[in-house]
Amino acid sequence: MNVVKRSKEIDDSALAFTTAVAAAAAIIVALVLPALHFYYVYQYNTGNIESKTEINAKQISQLIGHNPRMWEFETLRIQELLDDAARETYTEIQRVFAENGDLIAEHTTGVAPLLSPTIRDSHPLYDAGVIVGRVELERSLRPQLVQSLMVFVLSGLLGAGIFIALRAVPLRLLRRVIERASFLASHDALTNLPNRAVFQEWMTHTIADVARDGTPAAVLFLDLDHFKGVNDLLGHAAGDELLKQVSDRMSGTLRQNDVLARLGGDEFAIIQKRIAQPDGAAQLAQRLIAILAEPFDLSGQEAMIGVSIGVTICEPGGQADPSHLLQQADMALYRAKSGGRGNYQFFEEEMNRRLLERKTMEIDLRRALANHQLQLHFQPQIDLATSALIGVEALIRWNHPEQGMIAPDRFIPLAEETGLILPIGDWVIHTACRQAQAWPSLKVAVNVSPVQFRRGDLVAVVRHALEETGMNAGRLELEITEGVLMQDTDATIAILTALKELGVKIAMDDFGTGYSSLSYLRRFPFDKIKIDRSFIADMGRDDHADSIINAVISLGRALGMKSNAEGVETIEQADLLRAQGCEEVQGFYFGRPMAGEHIDALVQSFQNGDATAVATSAGRRAVADSTSASSKDDSRENDAAKGVSFSAPTAVAGA
Ligand code: C2E
Ligand code: CA
Ligand code: CA
């Protein structure tokens, strides 16, 4: 958005409009006044000479009437009459003619000769009803015309005055209004700092300046630390006050050349020009960190915050555009934040590469669902006591057209950040339920992301999947992690309760990896606790791991929750877990995640009674593998995806 240009556009159209209005008013005044004046004068004069000739004619007719035959001899008296009638200031000639056209009397007033233009009128003279002559009056309109001309000049001046007044005054007002409006549109009302739009414009100029002068500039992206805390603790008024003080402090440390903008919330940005970079930016960043680390006084309340800063340098040879630069600074800021806040980081190309990769992956992932590149693999879950296959955990795989099988750890976080986890999560639930209909004896566990709790309509999605596939709700188990319970707990508990009311089972996944696992167990009656595979890996080697596993199993039993040990890779681990009273296991020893058709075969072999020895020392693991633990090995994954290494029932049955 080009704020400066836009306000100029408003200015131009307003200018044209007020100019037109003012010009119209001025023209009306300048032309109409003299025209009216002349019209009035003309009307007056024509009327005036008409009545004057009529009166004269009457008087002369009377004179003649007294002495009918002698009226030609009355010229002296007629002359007198004319003299009397001419005591006005007009330049005019009065004449009396006999019927034969002889001039009998004439009187001239004003300056002779009579100058054009003139108007004239005549009236007949009667003697006993017979026309005997006529009176004629001719008057010059020149003095009146000169008057009208003067009126024209004056009204022209008046018109000019009106034009100026009408144009200048409203324009000044309008300009002020526009200036205010564009200020509001381009500035943040709280701190009076320019906003993001203006900042982007400045960046465009800065990039041009850098290219022209050859001196690099720095873009600093700032984010206040612990601002949310102040807002939550002291209220929004205090938060606003804090932002004002922050912007004052920052403005105070900047040079005239530098520009500061508020990008929104507690985010600010600075362009630092014409200074040796990157040293100049580093010094400025240090200075800013120092001044914002000082306590703030918020109407008596002391508040301590801090700032993290990401810096990127705009080099003369670079091909940066504003949003690109801001993105780089943002990435550097992210690094600064994750590096423990209150520090600054410069953008590095490596970050750029990762960003690009991520972007490409995001674009690919958007298409993955529609292009049927996502698949579910299933990992067997074994009942330790009976060695029976009792369930499967659905694990998602992305069969990328170029990169081959991609493990969920590489794309689920991205899907969560972009919100793509919502359609993907729906798809997983539906697909898992549909596929599980082929294995009526098995439970199917599905992983659910915290994002689905926060943004999705999880209960409706699950209900719909159950209805659509006809699956028995009791066979569906949703695995959630502590991340789910760490967000808005009341809402989460409500969703979990609603899910339980549907008849769905809930398992706590990756137990022991979070911070306050135990307290979460108290908040919701989970059906199952899944002990994280890191503990299983340490079994028999680390006493702590052993006692934690032991404690979790007993705790689960005390709370009426089953325990499932994940990542069982050896028969020793399985035996130990059984000895400790663990109910259920899952791991490469029993079977890697595999495509659905391998589960079909596995179910078959269990039904045939071939697989009873699966969890005994003599048992061998089912080797169908989709993604290995080190899933970056493409060739292996591709093979695994085809399930090449699966050697049906006997492999599972072992002995
Ligand atoms: P998780 O829920 O803990 O899933 C178990 C992971 O451990 C799986 O990795 C599985 O392949 C691996 N695993 C199983 N047995 C063994 C073993 O014996 N040894 C070792 N080293 N690993 C074993 P995977 O399939 O790569 O999944 C990784 C994570 O991705 C899952 O962890 C889960 O959090 C997430 N995930 C997978 N599918 C989905 C999904 O559909 N939705 C969501 N939201 N997350 C999913
Ligand atoms: Ca899981
Ligand atoms: Ca797990």
Side-chain angles (χ1 to χ4, degrees), residues 24-163:
I27 288 169
I28 288 171
V29 168
L31 293 182
V32 168
L33 277 187
L36 276 178
H37 178 265
F38 185 76
Y39 176 78
Y40 170 77
V41 164
Y42 184 83
Q43 289 293 319
Y44 175 80
N45 277 282
T46 44
N48 183 270
I49 65 171
E50 251 170 49
S51 53
K52 203 164 164 184
T53 37
E54 202 180 320
I55 292 167
N56 279 2
K58 243 183 220 152
Q59 286 177 336
I60 296 168
S61 295
Q62 264 173 12
L63 203 72
I64 298 163
H66 288 300
N67 193 356
R69 272 148 300 152
M70 291 290 288
W71 82 275
E72 277 102 341
F73 304 104
E74 297 283 356
T75 48
L76 269 176
R77 293 196 51 195
I78 291 170
Q79 188 68 47
E80 243 169 64
L81 258 172
L82 292 183
D83 283 355
D84 282 353
R87 242 173 250 127
E88 290 186 46
T89 49
Y90 298 107
T91 307
E92 60 185 19
I93 299 176
Q94 300 180 64
R95 297 187 187 92
V96 178
F97 295 97
E99 213 208 337
N100 59 5
D102 288 350
L103 181 69
I104 290 176
E106 182 184 74
H107 182 84
T108 307
T109 53
V111 204
L114 203 59
L115 292 167
S116 62
T118 61
I119 48 173
R120 159 200 320 247
D121 192 40
S122 71
H123 207 276
L125 293 171
Y126 296 96
D127 180 5
V130 178
I131 292 178
V132 291
R134 63 189 168 94
V135 175
E136 185 189 275
L137 199 154
E138 185 175 10
R139 183 182 287 176
S140 169
L141 279 183
R142 182 164 289 214
Q144 284 78 17
L145 215 66
V146 170
Q147 245 177 35
S148 291
L149 216 69
M150 274 161 64
V151 170
F152 177 69
V153 170
L154 285 178
S155 60
L157 288 175
L158 187 66
I162 286 174
F163 178 76

| query | Quick one: CD on Glu92 to NZ on Lys52, what's the gap to the nearest 0.5 Å? | reply | 3.5 Å
| message | Just to verify, what does Ala25 make a side chain to side chain contact (heavy atoms under 4.5 Å, CB included) with, not counting sequence neighbours? | response | Ile162, Leu166
| task | Sequence neighbours left out, what passes side chain to side chain contact (heavy atoms under 4.5 Å, CB included) with Glu54? Give chain and number order. | result | Lys58, His123
| note | For Gln144, the side-chain hydrogen bond (donor to acceptor under 3.5 Å, both in side chains) test, sequence neighbours excluded, returns none
| Taking all atoms of both residues into account, what is the closest heavy-atom pair of Pro34 and Ser148, and its distance? | CB-O, 3.8 Å
| Quick one: side chain to side chain contact (heavy atoms under 4.5 Å, CB included) partners of Leu36, sequence neighbours excluded? | Val32
| task | Could you tell me the separation between the CG atom of Asn56 and the CG atom of Leu125, rounded to the nearest 0.5 Å? | result | 9.5 Å
| query | Does Ser122 have any side-chain hydrogen bond (donor to acceptor under 3.5 Å, both in side chains) partners at least two apart in sequence or in another chain, and if so, which? | reply | none
| message | For the CG atom of Leu33 and the CZ atom of Phe152, what is their distance to the nearest 0.5 Å? | response | 11.0 Å
| message | Counting neighbours of CZ on Phe38 that are heavy atoms of other residues, nucleotides or ligands and sit closer than 6.0 Å, is the number greater than 12? | response | yes
| field | Non-hydrogen atoms of Ser61 and Tyr126 that approach each other most closely | value | OG-N, 3.2 Å
| note | Across all chains, not counting sequence neighbours, the salt bridge (Lys or Arg N to Asp or Glu O under 4.0 Å) partners of Arg120 are Glu136, Glu138
| said: Tell me which one of Thr53, Asn48, Ile119 satisfies side chain to side chain contact (heavy atoms under 4.5 Å, CB included) with Leu137. | reply: Thr53
| request: Just jot down the side-chain hydrogen bond (donor to acceptor under 3.5 Å, both in side chains) partners of Glu106, sequence neighbours excluded, or say none. | output: Arg95
| message | For Leu149, give me all partners under side chain to side chain contact (heavy atoms under 4.5 Å, CB included), at least two apart in sequence or on another chain. | response | none
| note | Rounding to 0.5 Å, atoms OG1 (Thr118) and CG (Leu141) come to a distance of 7.5 Å
| request: Report yes if some heavy atom in the side chain of Asn45 is under 4.5 Å from a heavy atom in the side chain of Arg139; otherwise report no. | output: yes
| query | So Asp102 and Phe97, side-chain contact (heavy atoms from CB on, under 4.5 Å) or not? Walk me through it. | reply | CA-CA 5 Å; Asp102 288 350; Phe97 295 97; over 6 Å; no
| query | For the atom pair CZ (Arg134) and CD1 (Ile104), what is the distance rounded to the nearest 0.5 Å? | reply | 11.0 Å
| message | Assess the residue pair Arg142 and Thr91 against the criterion (side-chain contact (heavy atoms from CB on, under 4.5 Å)); give the C-alpha distance rounded to whole Å, side-chain angles, the decisive distance to 0.1 Å, and a yes or no. | response | CA-CA 9 Å; Arg142 182 164 289 214; Thr91 307; over 6 Å; no
| note | Residues Ala57 and Val135: closest non-hydrogen pair is CA-CG2, 3.9 Å
| said: Using the side-chain hydrogen bond (donor to acceptor under 3.5 Å, both in side chains) criterion, which residues pair with Ser140? Sequence neighbours excluded. | reply: none
| What are the two closest non-hydrogen atoms of Ala26 and Gly159, and how far apart are they? | CB-O, 3.1 Å
